[in-house]
Amino acid sequence: RFADRLPEVARQHRVTLGEGSTPHLDVTGLIAGTETLGRLELKMEDRNPTGSFKSRVAAMALSIAQERKLRGALGTSSGNGGAATAAYAAAAGLEAVLLVLKGALPSKVREIRAHGARVVEVDGLGHDADATIRTAYLVAEAAERYGFTPMLTAVRFAPEAMSALKTIEWESAEGGATPDAV
């Protein structure tokens, strides 16, 4: 429903598993240290198809891949992003190649593989800031070179895919909220 505000993707190329429209939970006054806030709401992003807000990002990334006739998505993951990428790539009939943090939760790696993604475990990814940023640059470069959309959950590397996160704020506004921060 926010297609007019997101990167342009023809209806037939949109990849969705029903992400978004997640409920809000009012926790005002329930969490120690937040007493000075006028109102505090949590958006229940675990209700998305792959269990996190990364469903929104993956839906946009794979829709872009479909629109531009790319091979699929190439990215990095410590778990949730990879699971989302793999699920949405499978739904689109596209490839997913993921460099996964060595030592990531085995259940997440199994979930990524269950959707048919190729997994390459990388030592240092996610633990060492310099190695992580170097890897991100290499992945973004390789994605472009080999016909993939980059699935890197950082605006610097995947601004179009990351624009899907704005839908969280837009959904909040539909409910009458004007959040100070998301």
Side-chain angles (χ1 to χ4, degrees), residues 1-9 11 13-67 73 75-92 96 98 100-101 104-112 114-115 125-127 129 132-133 136 149-182:
R1 68 182 187 277
F2 300 117
D4 61 326
R5 300 186 226 173
L6 292 167
E8 189 172 336
V9 174
R11 184 174 301 282
H13 295 136
R14 294 179 191 159
V15 181
T16 182
L17 296 173
E19 63 289 333
S21 299
T22 56
H24 288 85
L25 179 63
D26 184 353
V27 295
T28 305
L30 299 178
I31 300 174
T34 64
E35 297 82 8
T36 60
L37 298 176
R39 184 170 176 86
L40 180 61
E41 289 187 7
L42 301 179
K43 190 91 163 99
M44 306 303 291
E45 291 295 286
D46 63 319
R47 305 295 163 76
N48 277 309
T50 63
S52 81
F53 71 94
K54 305 256 176 120
S55 291
R56 295 172 189 263
V57 178
M60 189 79 251
L62 274 301
S63 293
I64 289 167
Q66 283 275 59
E67 178 78 9
T76 62
S77 178
S78 60
N80 287 335
T85 302
Y88 283 82
L98 295 153
V100 176
L101 165 72
L105 284 174
S107 60
K108 284 295 179 185
V109 176
R110 280 193 304 275
E111 184 179 355
I112 293 166
H115 289 293
L125 182 65
H127 295 297
T132 300
I133 196 74
T149 191
M151 186 56 190
L152 297 156
T153 51
V155 173
R156 175 190 308 177
F157 299 107
E160 291 177 301
M162 292 297 290
S163 70
L165 294 181
K166 295 175 185 176
T167 61
I168 296 171
E169 181 179 357
W170 300 334
E171 287 176 11
S172 297
E174 283 181 336
T178 52
D180 293 326
V182 174

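Every heavy atom of this structure was used, including side-chain atoms; hydrogens, water molecules and symmetry mates were not.
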A.B. asks: Testing the basics here: between V109 and A104, what is the closest heavy-atom pair and its distance to 0.1 Å?
C.D. replies: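 Where V109 meets A104 most closely, the heavy atoms are CG2-CB, 4.0 Å.
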
A.B. asks: Below 4.5 Å, heavy atoms only, C-beta onward: do H13 and S63 meet side chain to side chain?
C.D. replies: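 With C-beta onward as the side chain, the pair stays apart.
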
A.B. asks: What is the minimum heavy-atom distance between R14 and A3, and which atoms define it?
C.D. replies: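 R14 and A3 have their closest heavy atoms at NH2-CB, 3.5 Å.
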
A.B. asks: For residues F53 and T22, determine if any side-chain heavy atom of one lies less than 4.5 Å from a side-chain heavy atom of the other.
C.D. replies: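 They are not in side-chain contact.
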
A.B. asks: Would you mind listing every ring-ring contact (aromatic ring centres under 6.0 Å, His included) that reaches into residues 157-178, with sequence neighbours excluded?
C.D. replies: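 Counting only pairs at least two positions apart or across chains, the ring-ring contact (aromatic ring centres under 6.0 Å, His included) contacts touching residues 157-178 are F2-W170, Y137-F157.
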
A.B. asks: Do other residues, nucleotides or ligands put more than 12 heavy atoms under 6.0 Å from the CD atom of E8?
C.D. replies: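 12 or below, so no.
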
A.B. asks: So, using side chain to side chain contact (heavy atoms under 4.5 Å, CB included) as the criterion, who are the partners of P23 when residues are at least two apart?
C.D. replies: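 Only M44, R47 meet the side chain to side chain contact (heavy atoms under 4.5 Å, CB included) criterion with P23.
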
A.B. asks: Taking S52 for its side chain and N48 for its backbone only, find out whether a donor-acceptor pair lies under 3.5 Å.
C.D. replies: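 No; zero donor-acceptor contacts below 3.5 Å.
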
A.B. asks: Determine whether T50 and H115 make a side-chain contact, defined as any pair of heavy atoms from C-beta on separated by less than 4.5 Å.
C.D. replies: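 When only atoms from C-beta onward are counted, H115 and T50 do not touch, as no gap falls below 4.5 Å.
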
A.B. asks: More than 12 heavy atoms of other residues, nucleotides or ligands under 6.0 Å from CG of D180: is that the case?
C.D. replies: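 No, because the 6.0 Å sphere around CG of D180 holds 12 heavy atoms or fewer from other groups.
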
A.B. asks: Do L152 and T76 touch side chain to side chain, with heavy atoms closer than 4.5 Å?
C.D. replies: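 In contact.
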
A.B. asks: Hey, which of K43, H24, K166 is the one that makes side chain to side chain donor-acceptor pair (under 3.5 Å) with E171?
C.D. replies: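 By the side chain to side chain donor-acceptor pair (under 3.5 Å) criterion, E171 pairs with just one of K43, H24, K166: K43.
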
A.B. asks: Under a 4.5 Å cut-off applied to non-hydrogen side-chain atoms, are M60 and V9 in contact?
C.D. replies: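 A side-chain contact exists here, since the closest heavy-atom pair is under 4.5 Å.
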
A.B. asks: Are the side chains of S77 and M151 in contact, using a 4.5 Å heavy-atom criterion?
C.D. replies: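 The answer is no; the side chains never approach within 4.5 Å.
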
